[in-house]
J.: 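This is the structure, below, for whatever I ask next.
Scope of the values below: all heavy atoms of this structure, side chains included, with no hydrogens, waters or symmetry mates. On a predicted model such as this, the values are computed, not experimentally measured, just so you know.
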Amino acid sequence: GSEMCIRDSNSVLSQYRGALMGISIILIIVFHFTDDCHYYSYHFSGWISFFWRYISSSSVDAFLFFSGLGLYYSMKKRSDVRSFYIRRLKRILIPYCIVAVPSYILLDVCVDKTGWGEAIKDFTFITFFSDGDRLYWYIGLMLLCYLIYPYIFQIVDSARDAIDGEIRLISVSYTHLRAHETELHL
């Protein structure tokens, strides 16, 4: 009974995952528009205010969820961790280099005149942690998620059922948060 329901809901999510990710991307773009309207106090009323206040950036969470679902199916199909890392790093680092290298050179070397050292620190996400540089924060997040995903997959995939998997993930997350609560200011 319940296993069939879970299998059916997973196949439906898998079947429409691309469309749902597309909707999430559109909502992320709309959020950035409403965030700019809020920041610049430009036409910040009606649906723009409603979206900014109540929907906010939750579509990023949805996109990450659907990405994680895709990672699960991918890892289930081919569980070789080395090839997983190679495929993901190619997919994310090549476009990142194409976009980030010229933009950090332009911003740090040409515009801000902070130099090549700053460009390298920006590119390697050092300034994300030291100065709060959020220009390409999502790429850093994706790299971190890809790095820890095989471990998460092993925890979930070795579970007896969905509830056991959820309990394992919550336990690991709670233990990690408790171990680092002073660093995270919880």
J.: Can you measure from CG (L135) to CZ (F125) and round to the nearest 0.5 angstrom?
T.: 9.5 Å
J.: Test side chain to side chain contact (heavy atoms under 4.5 Å, CB included) on L71 and I152 and set out the steps.
T.: CA-CA 11 Å; L71 289 177; I152 293 170; over 6 Å; no
J.: Is there a path of hydrophobic side-chain contacts, each under 4.5 Å between heavy atoms of I, L, V, M, F, W or Y residues, that connects I120 with V99?
T.: no
J.: Restricting to non-hydrogen atoms, name the atom on Y138 and the atom on V60 that form the minimum distance, rounded to 0.1 Å.
T.: CE1-CG1, 4.4 Å
J.: Is V101 reachable from Y136 through a run of I, L, V, M, F, W or Y residues, each pair having side-chain heavy atoms under 4.5 Å apart?
T.: yes
J.: Determine, using the 4.5 Å side-chain heavy-atom cutoff (strictly less than), whether F65 and I148 are members of one ILVMFWY cluster.
T.: yes
J.: Are the side chain of Y96 and the backbone N or O of F123 linked by a donor-acceptor pair below 3.5 Å?
T.: yes
J.: How close do K90 and P95 get, counting heavy atoms only, and between which atoms?
T.: O-CD, 3.8 Å
J.: For a quick test of your reading: what N or O donor-acceptor pairs under 3.5 Å do the side chains of residues 32-48 make, sequence neighbours left out?
T.:
residue: T34; atom: OG1; partner: V30; partner atom: O; Å: 3.4
residue: T34; atom: OG1; partner: F31; partner atom: O; Å: 2.8
residue: D35; atom: OD1; partner: W52; partner atom: NE1; Å: 2.9

J.: What do you reckon, is OH of Y16 surrounded by more than 12 foreign heavy atoms closer than 6.0 Å?
T.: no
J.: Could you go through S83 and R87, starting from their C-alpha distance and side-chain angles, then the distance that decides it, and tell me whether this counts as side chain to side chain donor-acceptor pair (under 3.5 Å)?
T.: CA-CA 6 Å; S83 69; R87 285 192 319 271; 3.2 Å; yes
J.: Can you measure from OG (S74) to CG (L69) and round to the nearest 0.5 angstrom?
T.: 11.5 Å
J.: Give me the atom names and distance for the closest heavy-atom approach of S24 to A62.
T.: OG-CB, 3.6 Å
J.: For residues D108 and A119, report the shortest heavy-atom separation together with the two atoms involved.
T.: OD2-CA, 3.1 Å
J.: Quick one: do Y146 and L89 end up in the same hydrophobic cluster if we chain Ile, Leu, Val, Met, Phe, Trp and Tyr together by side-chain heavy atoms under 4.5 Å apart?
T.: yes
J.: Do S67 and F63 come within less than 4.5 Å of each other through their side chains, counting heavy atoms only?
T.: yes
J.: Examine L143 and I126 and state if one hydrophobic cluster contains both, with Ile, Leu, Val, Met, Phe, Trp and Tyr joined whenever side-chain heavy atoms are less than 4.5 Å apart.
T.: no
J.: What distance separates L147 CG from R88 CZ, expressed to the nearest 0.5 Å?
T.: 13.5 Å
J.: Do side-chain atoms of Y149 reach the backbone of Y72 as a donor and acceptor pair under 3.5 angstrom?
T.: yes
J.: Between atom CG of D157 and atom CE of M75, what is the distance when rounded to the nearest 0.5 Å?
T.: 9.0 Å
J.: How long is the straight-line distance from CZ of F128 back to CD1 of I139, given to the nearest 0.5 Å?
T.: 12.5 Å
J.: Quick check for you: to the nearest 0.5 Å, what is the distance between D112 atom CG and D122 atom CG?
T.: 9.0 Å
J.: Side chain to side chain contact (heavy atoms under 4.5 Å, CB included) for E118 and V109? Distances and angles first, verdict last.
T.: CA-CA 8 Å; E118 192 70 16; V109 177; over 6 Å; no
J.: Within a strict 4.5 Å, meaning less than it, do heavy atoms of the K76 and F153 side chains meet?
T.: yes
